[in-house]
Engineer: 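Have a look at this one.
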Number of protein chains: 2
Amino acid sequence: MVGKMQSQTVESPTDATARKIDSHQQIVDAAAQCFMLKGLEKATIDDIADVLDATKGRVYHHFRSKNAIYFAVHRQAMQYCFEAVKPVIEQSMPCTEKIEAMAAAHARVMMDTLPYQRSIRLGVEMYLRGSTTESEREVLAELIAQRNEYEDLYRDVLRKGVSEGSLSVPNVEIAGRMMMGALNGLVDWYRVRPEQTDADREDIARTLARTIVRGLKA
Amino acid sequence: MVGKMQSQTVESPTDATARKIDSHQQIVDAAAQCFMLKGLEKATIDDIADVLDATKGRVYHHFRSKNAIYFAVHRQAMQYCFEAVKPVIEQSMPCTEKIEAMAAAHARVMMDTLPYQRSIRLGVEMYLRGSTTESEREVLAELIAQRNEYEDLYRDVLRKGVSEGSLSVPNVEIAGRMMMGALNGLVDWYRVRPEQTDADREDIARTLARTIVRGLKA
DNA sequence: GGCGCAACATTCTCGGTAGTATGTTTATCG
DNA sequence: CGATAAACATACTACCGAGAATGTTGCGCC
């Protein structure tokens, strides 16, 4: 009875923290939306609060600064990427297929988490020049390191493919950059349309990945 | 004698306009630098003036607003691109080679005019939401149209190559986006280093173009 | 049933920036 | 040489947004 009542009237500690995390996540979601729509600097804290029908107070209760929110968005975006390619990495398949599958997975995540991916594109290193505190610099360094780590996943497969002979690139570094550019470019031209189905996105992802890996030549 | 003196002591009207254009260009150059370093909104008019060892007064004498400066930078960036690929377009060569040469030329211009190309990447359509006046919207529309026109140059060659059978892409639209993403991505990772020679840039451009056109597959 | 604390809302301040208004110098032209 | 205008510099205003300070509410717990 106590247990039952608890779930209805009072709140267990786990429920409380769950609600906190939820509120936290809502703010990050709203921030990603605002950053995408108005840009990093033009999006104000009030804008973010407005999306949630709340005020600045709520936002500043969960985040120390606007930069902290941006970091949270960035971190989340990277996590989405890692989660998307991880299952592909773990699979055992030829390098040619694997790099194409990874590219397709990345393309999917670009479309599926568009607000996040667009946000991190609008700032990255350049955002926060000078005005950054020491602790913020550390977070920034961590995020950049994470991005390098992520891109290394691709370069590793490229290198393996070259050594196996299944892939042929004159320069792994440049090939990796090429891939990332082509894939991340999605956020610049892909537009969400209501009538688009999941299959449509999958098709775009596959076609893009195929074009990158197999090239344009007949 | 008068003619000779004129060129030394007094200034002919053409000299005057030339100097005006020069001052104009200096401001645009400085703006591109600032935009690249600090971002579009964080770069202030004073920053731009500082680069020129001047003050706001000079900038506002030549440009009505900050947006107008951005437009000038954008326009110039596009012009650099057009000028770079124009000679390639006019040449007669197989589509496979042509698209690769165009890609290499574009890559070159990305590196050679980095401040401009980075600037236009940081704003484009999203920059100026709402606060834009009607006349500014028109300029913006013109710039976007120009960009489409530029990208059409690539799509045209792609289509021709497909119809000829020398190129094989499942989707010209996506292939074009892929190319642009891979090429424009250069501004994100390319860093100018003093020891870099012209040959180094050329090598990067060629390798990148080759990788895009021929793909990663062996 | 009041105490404390978390989760907000409200209000204010302060720094910074686009844009303006006005002063000052330099050069062209009658 | 004197007038006139371009090409700036200087000084000022008006506004906006981040962050802080403070006030308010509601839930959990002794």
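Treat the numbers as computed from the prediction; the structure is a model and nothing was measured. Basis for what follows: all heavy atoms, side chains included, without hydrogens, waters or symmetry-related copies. So that the names make sense, note that chain A is the first sequence line, chain B the second, and so on, each numbered from 1.
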Engineer: Over the length of the helix from dG1(C)-dC30(D) to dG30(C)-dC1(D), how much do the five-pair end axes diverge, rounded to 10 degrees?
Structural biologist: 0°
Engineer: Whole angstroms only, please: what is the CZ-C1' distance between Arg58(A) and dC8(C)?
Structural biologist: 9 Å
Engineer: Quick one: is His62(A) getting a side-chain N or O under 4.0 Å of the dA6(C) phosphate, OP1 or OP2?
Structural biologist: no
Engineer: Table please: side-chain donor-acceptor pairs of residues 50-57 of chain B below 3.5 Å, with sequence neighbours left out.
Structural biologist:
unit_1	atom_1	unit_2	atom_2	d
Thr55(B)	OG1	Gly57(B)	N	3.4
Lys56(B)	NZ	Asp46(B)	OD2	3.4

Engineer: At a cut-off of 3.5 Å, list every protein nitrogen or oxygen paired with a nitrogen or oxygen from nucleotides 16-19 of chain C, distance to 0.1 Å.
Structural biologist:
unit_1	atom_1	unit_2	atom_2	d
dA18(C)	OP1	Lys66(B)	NZ	3.1
dA18(C)	OP2	Ile45(B)	N	3.3
dA18(C)	N7	Lys56(B)	NZ	3.3
dG19(C)	OP2	Tyr60(B)	OH	3.2
dG19(C)	OP2	Lys66(B)	N	3.2
dG19(C)	O6	Lys56(B)	NZ	3.3

Engineer: Using the ring-ring contact (aromatic ring centres under 6.0 Å, His included) criterion, which residues pair with Tyr60(A)? Sequence neighbours excluded.
Structural biologist: none
Engineer: What pairs with Gln76(A) under side chain to side chain donor-acceptor pair (under 3.5 Å), at least two apart in sequence or on another chain?
Structural biologist: Tyr80(A)
Engineer: What integer distance in Å separates Asp53(B):CG from dA7(D):P?
Structural biologist: 20 Å
Engineer: For Glu142(B), give me all partners under salt bridge (charged side-chain N to carboxylate O under 4.0 Å, His left out), at least two apart in sequence or on another chain.
Structural biologist: Arg75(B)
Engineer: Among Val172(B), Val213(B), Val157(B), find the residue that satisfies the side chain to side chain contact (heavy atoms under 4.5 Å, CB included) test when tested with Leu216(A).
Structural biologist: Val213(B)
Engineer: What residues form a side-chain contact (heavy atoms from CB on, under 4.5 Å) with Asn184(A), not counting sequence neighbours?
Structural biologist: His106(A), Met110(A), Arg121(A), Arg147(A), Met180(A)
Engineer: Among all residues two or more places apart in sequence or in another chain, which pass the salt bridge (charged side-chain N to carboxylate O under 4.0 Å, His left out) test with Asp112(A)?
Structural biologist: Arg108(A), Arg201(A)
Engineer: Just N and O in the side chain of Thr55(B): are any of them under 4.0 Å from OP1 or OP2 of dC8(D)?
Structural biologist: no
Engineer: With sequence neighbours excluded, tell me which residues meet ring-ring contact (aromatic ring centres under 6.0 Å, His included) with Tyr190(A).
Structural biologist: none
Engineer: On the nucleotide dC8(D), are OP1 or OP2 found under 4.0 Å from the side-chain N or O atoms that His61(B) carries?
Structural biologist: no
Engineer: Rounded to whole Å, how long is the line connecting atom CD of Gln26(B) with atom P of dA7(D)?
Structural biologist: 13 Å
